[in-house]
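Predicted model only: the values in this text are computed from it and were never measured.
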Amino acid sequence: MSQAQQNTSSSTGAAPRSGPLAGVRVLDIATFIAAPFCGTILADFGAEVIKIEQPGEGDSLRQFGTVTECGDSLIWLSEARNKQTATLDLRQPEGAELFRQLVAESDVVLENFRPGTLEKWGIGYEDLIKINPRLVMLRISAYGQTGPKNQEPGFARIAHAFSGLANLAGEADGPPVVPGSTSMADYTSGMWGAIGVLLALRVVEAGGAGQFIDIGLYESVFRLLDEMAPAYARYGVVRERLGADVVNVVPHSHYRCAGGEWVALACSNHRMFERLAGAMGQPDLALAYPNGTVRVANREAINRRVADWIAGLSLVEVLRQTQEAGVPCAQIYTIEDIFKDPQYAARANMLTVQDARAGELVLPAAVPRLSATPASFRHSGRGLAADNDAVYQGLLGLSAERMQALRQARVI
């Protein structure tokens, strides 16, 4: 265990943490969602995460989306949960020096500035490992630290476009559309980042040196696009939009019930298709289309048969008959449906918490679910500079007089 880990709770005055990452201190100097979401995951499982923001302004995420009566947005209250919040101007020499002192007492740094920015301020990775050779740094940017586009800016929407995902979203004869959440690349990058941080910390725990993790937003999405790359390389296949369908399985789409509700149905192999044909009372389907290749070649005919069957039934009947047949099928939910569903309630997928500033909040619960060392919720996203005293006086031992001088100079 590093000195930083030994000092975690007592030095900042924070309550002792529990969980698999208790004893790990993280400095989150990133903005918006991508790298900060990595910090959220780590904090959920016990790491001490210190969120460092620009004095007087704070992270732009505080004003992103629905802003509550307390002045901060719902997404801030959710995704900055379990983090301490401190302000520090890294652009000022005195601010950079204070950051170096924090790095000496920490294990991980999370950042998502444009490549070269931290180096310009004298706090790039090569500068920081001289202070703390065991340091792990997560670096998320639009295109990664290298390559001809590394200096270009970008957000999740740009990553969806550059990765090839946006081209797959939408109807075949329509324009590319937003693939679900506009922030998906940010969240997936944060998850990949958390994996990288944990891998690098494992190396450090085994006696190795620190290292940095380099992630481009687009890479986090591109890695999820199944066989698209090998299919193009081997056969020249350029996958295009198919609406609700998928390229290599039929029927595997969305269908409308008699009452107007939509369901998702998935028949990923012939056994599932036989079950569906039986539930439909049309066993000839399974005989006429005996394998996946034949079904893909007859996509329109099969989809029409399935759509007609579902269109003649109520939602309740579709779900009952597919469930009895063992065919995967689910109603396409709105968030209102989610709040009413007993599965979500049974799994405690949403947390109802009380926030001192915003009152009652309902937040998505942490993932994954660990049987012995589960995630914990300590507090939602805190106000700007709420933990300055705990961080700078408790961790670095600064005097009250020095704190006042730093505030006047807008260093903190």
Side-chain angles (χ1 to χ4, degrees), residues 8 12-15 17 19 21-22 24-90 99 102 106 108-113 138 140 155-156 181-184 186-191 193-194 197 350-367 375-392 395 412:
T8 293
T12 62
R17 287 169 173 76
L21 296 179
V24 174
R25 179 175 293 129
V26 180
L27 302 177
D28 175 0
I29 62 173
T31 58
F32 273 105
I33 298 172
F37 185 58
C38 170
T40 304
I41 295 170
L42 302 179
D44 280 345
F45 290 92
E48 177 191 0
V49 180
I50 302 173
K51 176 73 179 179
I52 294 177
E53 305 174 73
Q54 185 69 15
E57 302 174 12
D59 192 330
S60 297
L61 195 65
R62 289 182 179 273
Q63 300 299 307
F64 188 74
T66 304
V67 178
T68 68
E69 295 77 6
C70 76
D72 287 330
S73 66
L74 287 172
I75 195 169
W76 171 265
L77 293 167
S78 178
E79 303 304 3
R81 64 192 184 197
N82 293 336
K83 298 180 183 182
Q84 295 178 277
T85 58
T87 50
L88 184 63
D89 190 344
L90 300 173
F99 180 66
L102 290 172
S106 301
V108 179
V109 170
L110 312 176
E111 69 99 358
N112 61 356
F113 292 93
L138 172 63
I140 296 181
F155 289 93
S181 167
T182 55
S183 301
M184 191 179 72
D186 292 322
Y187 282 104
T188 56
S189 294
M191 291 193 297
V197 167
M350 289 174 283
L351 300 175
T352 300
V353 301
Q354 291 295 326
D355 179 79
R357 299 185 300 137
E360 184 173 285
L361 297 170
V362 178
L363 310 178
V367 177
S376 63
F377 178 86
R378 297 180 294 281
H379 56 78
S380 48
R382 288 166 59 73
L384 185 64
D387 298 293
N388 272 7
D389 289 345
V391 171
Y392 296 118
L395 179 55
I412 64 172

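Inter-residue side-chain proximity for Ser189 and Ile33 is flagged as unmet; no heavy-atom pair is nearer than 4.5 Å. Side chains of Phe155 and Thr182 form no contact here, defined as non-hydrogen atoms less than 4.5 Å apart. Annotation: side chain of Val391 is in contact with side chain of Leu102 (closest heavy-atom distance under 4.5 Å). Taking 4.5 Å as the limit, every side-chain heavy atom of Pro36 sits out of range of all side-chain heavy atoms of Glu79. When side chains are defined from C-beta on, Phe113 counts as touching Ile29, because their heavy atoms get closer than 4.5 Å. Side chains of Leu395 and Ile50 form a contact here, defined as non-hydrogen atoms less than 4.5 Å apart. Contact annotation: the side chain of Thr31 never approaches that of Ser60 to less than 4.5 Å [non-hydrogen atoms, C-beta and beyond]. Put simply, the side chain of Val24 does not reach to within 4.5 Å of the side chain of Leu42, judged on heavy atoms.
Formation of a donor-acceptor pair under 3.5 Å by the Gln63 side chain with backbone atoms of Gly71 is found in this model. Using modelled atom types, one side-chain atom of Ser73 and one backbone atom of Phe64 make a donor-acceptor pair closer than 3.5 Å. No side-chain donor-acceptor contact under 3.5 Å links Asn82 to the backbone of Phe377. For the pair Thr85 (side chain) and Gly383 (backbone), a donor-acceptor distance under 3.5 Å is present. Formation of a donor-acceptor pair under 3.5 Å by the Arg378 side chain with backbone atoms of Ala43 is found in this model.
With Val26 as the partner, the side-chain contact (heavy atoms from CB on, under 4.5 Å) test is satisfied by one option alone out of Val109, Val197, Leu110: Leu110.
Closest approach of Ile41 and Gly190 over heavy atoms only: CD1-O, 4.2 Å. Closest of all the heavy-atom pairs between Leu384 and Gly58 is CD1-CA, 3.6 Å. The shortest heavy-atom contact between Cys38 and Gly193 is SG-C, 3.8 Å. Counting all heavy atoms, side chain and backbone alike, Phe45 lies closest to Ala375 at CE2-N, 3.4 Å. Closest approach of Gly381 and Arg357 over heavy atoms only: O-NH2, 3.0 Å. Scanning all heavy atoms of the two residues, the minimum distance from Asp72 to Arg382 falls at OD2-O, 4.0 Å.
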Inset, instruction - Could you please spell out the steps behind the side-chain contact (heavy atoms from CB on, under 4.5 Å) verdict for Trp76 and Thr68? - result: CA-CA 10 Å; Trp76 171 265; Thr68 68; over 6 Å; no
Legend entry - side-chain contact (heavy atoms from CB on, under 4.5 Å) evaluation trace for Gln54 with Asp89: CA-CA 6 Å; Gln54 185 69 15; Asp89 190 344; 3.4 Å; yes
Legend entry - From CA spacing to verdict: side-chain contact (heavy atoms from CB on, under 4.5 Å), Phe32, Asp186: CA-CA 9 Å; Phe32 273 105; Asp186 292 322; 5.8 Å; no
Legend entry - Audit row: Leu361, Leu74, side-chain contact (heavy atoms from CB on, under 4.5 Å) steps and yes/no: CA-CA 9 Å; Leu361 297 170; Leu74 287 172; 4.0 Å; yes
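With values rounded to the nearest 0.5 angstrom, Ile412 atom CD1 is found 5.0 Å from Asn388 atom CG. Between atom CZ of residue Arg81 and atom CG of residue Leu363 there is a gap of 6.0 Å, rounded to the nearest 0.5 Å. Annotation: the span from Ser78 atom OG to Leu61 atom CG amounts to 9.5 Å, rounded to 0.5 Å. One distance of note links CD of Glu111 with CD1 of Ile52; it measures 12.5 Å at 0.5 Å rounding. How far NZ of Lys51 is from OG1 of Thr87: 12.5 Å, rounded to the nearest 0.5 Å.
A salt bridge is defined here as a Lys NZ or Arg NE, NH1 or NH2 lying under 4.0 Å from an Asp or Glu carboxylate O, and Lys83 with Asp387 fails to meet this definition.
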